[in-house]
Student: 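Okay, here's the structure, questions in a sec.
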Amino acid sequence: RRKSNDKRARRKLCPHRHDPVVSAHHLTTCPYGGWTIVRHNRLARLLQMLVLEIPGADVRWTPRPGHWKRGSEPAEPDLRIDVPGWPTLYIDVAVVSPRDGTPGNAARAAERGKLLAYPVWSNGARVVGCDFSPFVVETYGRLGDYARRLICRLATRAARDRHISVSSEIERWQQLLALRLIKDEADMLLNA
């Protein structure tokens, strides 16, 4: 009976009782207890550290930028990335659990949801001089299409600026992000 970290939650405690059959899946997706937030923040923090390897790049956690609206509430992208020569890029990180046996479906659905949640971007964010990308990863490590493209774009810039192999840098970024996710999933399951 874990407590909710969300002040807007309808219930204060998780309504599910411990069941060994569904507990592993439930632990990795349950919004109660804070493990999903910790996993999300660690993945975003690692992405921030990787982007900072790009010479001249600046990455900050975003404090509710006013020009991004999600419906009637201010949106909450996680990172603001400034790379020399590029428009400002906002990233919203999410970790989702696959719902069916089709690889990548959960990530694609979450990416579509994030794109629809930020209508200012879909209606032409260039008006506000910035760009947006969802960064969705499934709990078993599969990257969403936008996340994969974003890693390729950023890692390519890092590799070229530092005069190293582009393909090995992309692979390194993907492996580090996957390892972070695997460690956090294991930590959640072992210590919950």
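Worth saying up front: this structure is predicted, and the values here are computed from it rather than measured.
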Student: Can you spot which of Leu150, Val83, Val59 makes a side-chain contact (heavy atoms from CB on, under 4.5 Å) with Leu89?
Tutor: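 That would be Leu150.
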Student: Please answer whether the main-chain N or O of Ala107 pairs with a side-chain N or O of Glu138 as donor and acceptor at a distance below 3.5 Å.
Tutor: yes
Student: Grouping I, L, V, M, F, W and Y whenever their side-chain heavy atoms are under 4.5 Å apart, do Leu179 and Val95 come out in a common cluster?
Tutor: no
Student: Output yes when a side-chain donor or acceptor of Asp78 lies under 3.5 Å from a complementary backbone atom of Val93, and no otherwise.
Tutor: yes
Student: Of the non-hydrogen atoms in Leu154 and Trp86, which two are nearest, and what is the gap between them?
Tutor: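 Answer, listing the atom of Leu154 first, then Trp86: CD2-CZ3, 3.5 Å.
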Student: Less than 4.5 Å apart, side chain to side chain, heavy atoms only: is that true for Val137 and Leu43?
Tutor: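 Answer yes - side chains close enough.
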Student: Does the side chain of Tyr146 come within less than 4.5 Å of Arg112's, by heavy atoms?
Tutor: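 The answer is no; the side chains never approach within 4.5 Å.
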Student: Output yes when Arg80 and Asp58 qualify as a salt bridge under the 4.0 Å nitrogen-oxygen rule, no when they do not.
Tutor: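 Not counted as a salt bridge, because no side-chain N and carboxylate O are separated by less than 4.0 Å.
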Student: To check you understand the geometry: which heavy-atom pair defines the closest contact between Ala57 and Pro84, and what is its length?
Tutor: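 Looking at all heavy atoms of both residues, the shortest contact is N-CD, 4.1 Å.
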Student: Does Met49 belong to the same Ile/Leu/Val/Met/Phe/Trp/Tyr cluster as Ile182, with side-chain heavy atoms less than 4.5 Å apart forming each link?
Tutor: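 Cluster IDs for Met49 and Ile182 differ.
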Student: Is a side-chain N or O of Glu111 found less than 3.5 angstrom from the main chain of Phe135, in a donor-acceptor match?
Tutor: no
Student: Any ion pair linking Glu169 and Arg172 (charged N to carboxylate O, less than 4.0 Å)?
Tutor: yes
Student: Using a strict threshold of under 4.0 Å (side-chain N to carboxylate O), is an ion pair present between Asp145 and Arg149?
Tutor: no
Student: Could you check whether any side-chain heavy atom of Asp92 comes within less than 4.5 Å of a side-chain heavy atom of Pro134, counting everything from C-beta outward?
Tutor: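 Of all side-chain heavy-atom pairs linking Pro134 with Asp92, none is under 4.5 Å.
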Student: Applying a strict under-4.5 Å side-chain criterion to I, L, V, M, F, W and Y, I'd like to know whether Ile164 and Leu52 cluster together.
Tutor: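 No, it is not one cluster - the side chains of Ile164 and Leu52 are not joined through contacts under 4.5 Å.
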Student: CD1/Ile151 to CG/Leu143 distance, rounded to the nearest 0.5 angstrom?
Tutor: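 Ile151 CD1 to Leu143 CG: 4.5 Å, rounded to 0.5 Å.
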Student: Let me check something: do Ile81 and Leu176 share a hydrophobic cluster, defined by ILVMFWY side-chain heavy atoms less than 4.5 Å apart, either directly or through other members?
Tutor: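 Yes.
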